[in-house]
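Sequence lines set the chain letters: A, B, ... in the order given, protein chains first and strands last, and positions in each chain run from 1.
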Number of protein chains: 2
Amino acid sequence: MPILNHMVEHSAHLDAVFHALADPTRRAMLGQLAERELTIGELATPFHMSFAGASKHVRVLENAGLVTRTIRGRTHLCRLEAARLAEADAWLRRYERFWNAKLDSLEALLRAEDEAKAKKVKE
Amino acid sequence: MPILNHMVEHSAHLDAVFHALADPTRRAMLGQLAERELTIGELATPFHMSFAGASKHVRVLENAGLVTRTIRGRTHLCRLEAARLAEADAWLRRYERFWNAKLDSLEALLRAEDEAKAKKVKE
DNA sequence: CGAATAGTCAACCGATCGGTTTAACGTTTT
DNA sequence: AAAACGTTAAACCGATCGGTTGACTATTCG
């Protein structure tokens, strides 16, 4: 009886999302994009990184579905797409009961109530 | 006024955790460990992978703090450590407002109330 | 028009990845 | 003591990583 594996996992998506998040530069870029939409150049500057370098990072974020791009003239505006972050969050929360003590005791309480109920039925 | 970057981020930890989660085999191993503690061999078997291969994956998980090992005789028992998953979850939730529509509209409501209040003061 | 700007592409770099194989080590079994 | 077991270590493999440079394509500005 698998506890967590019964949920089919969209491996490819999660691979891409977690991989994208595994780099501190990319996490910082997402942080910037949380404030406002930014061009590649604006994303590159604070990291003293070449345009090409930033461009590659953005593409990784794009492939993970975490960022979308709108080309306007010669500039590429990047926008945060948080839906995929929610996907990663959903995966993580399958483990929530393992770290959240409150939830654990709540669960224990509910279990105790269930048992009490079951006992009552038996009587 | 940075929205998300004011929180100091423990980059090294997050790097390791997200990197560990970026591999489907390792995620599956965590899933197995969520049910019960397992030895390296038990972790290796379902993935038709050499012991050495599994051993390397476990070490990645260990380095990320997601797994701890208890050596008992010649076997190594692996246990899930969810605290670090909570860390990753905490990072993700900083973006929750970007994907959670309910939260968004609540915020809009509060903003509207604030504006109403500000208007009232002006009058 | 020509020059500057914003960005990509392709090649390249050393480092790390996921995985294997072979050898070795300590533990348990016989 | 010898054989079997559970695991790690080291060397190696091709692939991918993060990053650079230089050449190229568009768009905008003077």
Side-chain angles (χ1 to χ4, degrees), chain A residues 9 11-33 36-80 88, chain B residues 9 11-33 36-80 88:
Chain A
E9 151 175 338
S11 258
H13 281 181
L14 281 178
D15 285 8
V17 171
F18 282 131
H19 166 66
L21 296 182
D23 183 272
T25 301
R26 284 191 295 262
R27 286 199 305 278
M29 283 177 167
L30 290 181
Q32 302 276 89
L33 291 174
R36 52 189 147 77
E37 302 189 1
L38 293 166
T39 66
I40 305 287
E42 290 170 326
L43 282 170
T45 310
F47 303 105
H48 0 91
M49 176 182 298
S50 66
F51 272 55
S55 179
K56 276 171 139 194
H57 276 305
V58 169
R59 205 166 47 152
V60 171
L61 292 168
E62 239 180 331
N63 288 343
L66 294 170
V67 158
T68 54
R69 184 195 307 248
T70 312
I71 302 177
R72 235 178 92 211
R74 62 184 167 184
T75 76
H76 296 203
L77 250 199
C78 299
R79 177 171 69 254
L80 175 65
Chain B
E9 140 173 351
S11 259
H13 281 181
L14 282 178
D15 286 8
V17 170
F18 282 130
H19 167 66
L21 296 181
D23 183 272
T25 301
R26 284 192 293 263
R27 286 200 305 276
M29 284 178 166
L30 290 180
Q32 302 277 87
L33 291 173
R36 53 191 146 76
E37 304 189 0
L38 293 166
T39 67
I40 304 288
E42 289 170 328
L43 282 170
T45 310
F47 303 105
H48 2 91
M49 175 181 298
S50 67
F51 274 53
S55 180
K56 277 172 140 193
H57 276 305
V58 170
R59 205 163 49 147
V60 170
L61 293 168
E62 239 179 332
N63 289 342
L66 293 170
V67 158
T68 54
R69 184 194 308 248
T70 312
I71 301 178
R72 236 178 93 212
R74 64 185 164 184
T75 77
H76 296 201
L77 249 200
C78 298
R79 177 172 69 254
L80 174 66

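- Between A:Arg74 and A:Arg69, the residue anchored nearer the 5' end of DNA chain C, judged by the nucleotide with its closest heavy atom, is A:Arg74.
- Between B:Arg26 and C:dG18, a side-chain N or O to OP1/OP2 separation shorter than 4.0 Å is present.
- At a threshold of 4.0 angstrom between heavy atoms, the contacts of A:Thr75 are confined to the sugar-phosphate backbone, with no base atom among them.
- If you check every strand for non-hydrogen atoms under 4.0 Å, B:Gly73 touches sugar and phosphate atoms only.
- Nearest nucleotide to the side chain of A:Lys56, out of D:dG18, C:dT8, C:dT20: D:dG18.
- Distances were taken from every side-chain heavy atom of A:Thr25 (C-beta onward) to each of C:dG19, D:dG19, D:dT7; the shortest belongs to D:dG19.
- Between A:Leu80 and A:Leu61 there is no side-chain heavy-atom pair separated by less than 4.5 Å.
- Residue pairs meeting the side-chain hydrogen bond (donor to acceptor under 3.5 Å, both in side chains) criterion with at least one partner in residues 48-57 of chain A, sequence neighbours excluded, are A:Arg26-A:His57.
- Atom CG of B:Asp23 is separated from atom P of D:dT16 by 14 Å (rounded to the nearest Å).
- Screening B:Val60, B:Leu43, B:Leu38 for a side-chain contact (heavy atoms from CB on, under 4.5 Å) with B:Met29, the sole residue that qualifies is B:Leu43.
- As rounded to whole Å, 9 Å separates atom C1' of C:dA6 from atom CD1 of A:Ile40.
- Taking side-chain N and O atoms only, A:His19 has no distance below 4.0 Å to OP1 or OP2 of C:dC17.
- One finds no side-chain N or O of A:Thr39 lying less than 4.0 angstrom from the OP1 or OP2 phosphate oxygen of C:dA6.
- An OP1 or OP2 oxygen of C:dT8 is reached within less than 4.0 angstrom by a side-chain nitrogen or oxygen of A:Ser55.
- Projected onto DNA chain D by closest heavy-atom contact, A:Met49 and B:His76 fall at different nucleotides, the more 5' of which corresponds to B:His76.
- In this structure, A:Arg59 places its CZ atom 11 Å from C1' of C:dA10, rounding to the nearest Å.
- Between A:Phe18 atom CZ and C:dC17 atom P the separation is 18 Å, expressed in whole Å.
- With contacts defined as side-chain heavy-atom distances shorter than 4.5 Å, the pair B:Ser11/A:Arg27 qualifies.
- One interatomic measurement links the two molecules: CG of A:Leu43 to C1' of C:dG7, which rounds to 13 Å at whole-angstrom precision.
- Side-chain atoms of A:Ala52 lie closest to D:dG22 of the nucleotides C:dT20, D:dT7, D:dG22.
- The phosphate of D:dC17 has neither OP1 nor OP2 within less than 4.0 Å of any side-chain N or O from A:His57.
- Using a 4.0 Å heavy-atom distance criterion, A:Arg72 is classed as making no nucleic acid contact.
- Contact of the B:Pro24 side chain with the A:Asp15 side chain is registered, since non-hydrogen atoms from C-beta on lie closer than 4.5 Å.
- The nearest whole Å value for the distance from the CZ atom in B:Phe51 to the C1' atom in D:dC5 is 9 Å.
- Straight-line distance from the CD1 atom of B:Ile71 to the P atom of D:dT7: 10 Å, rounded to whole Å.
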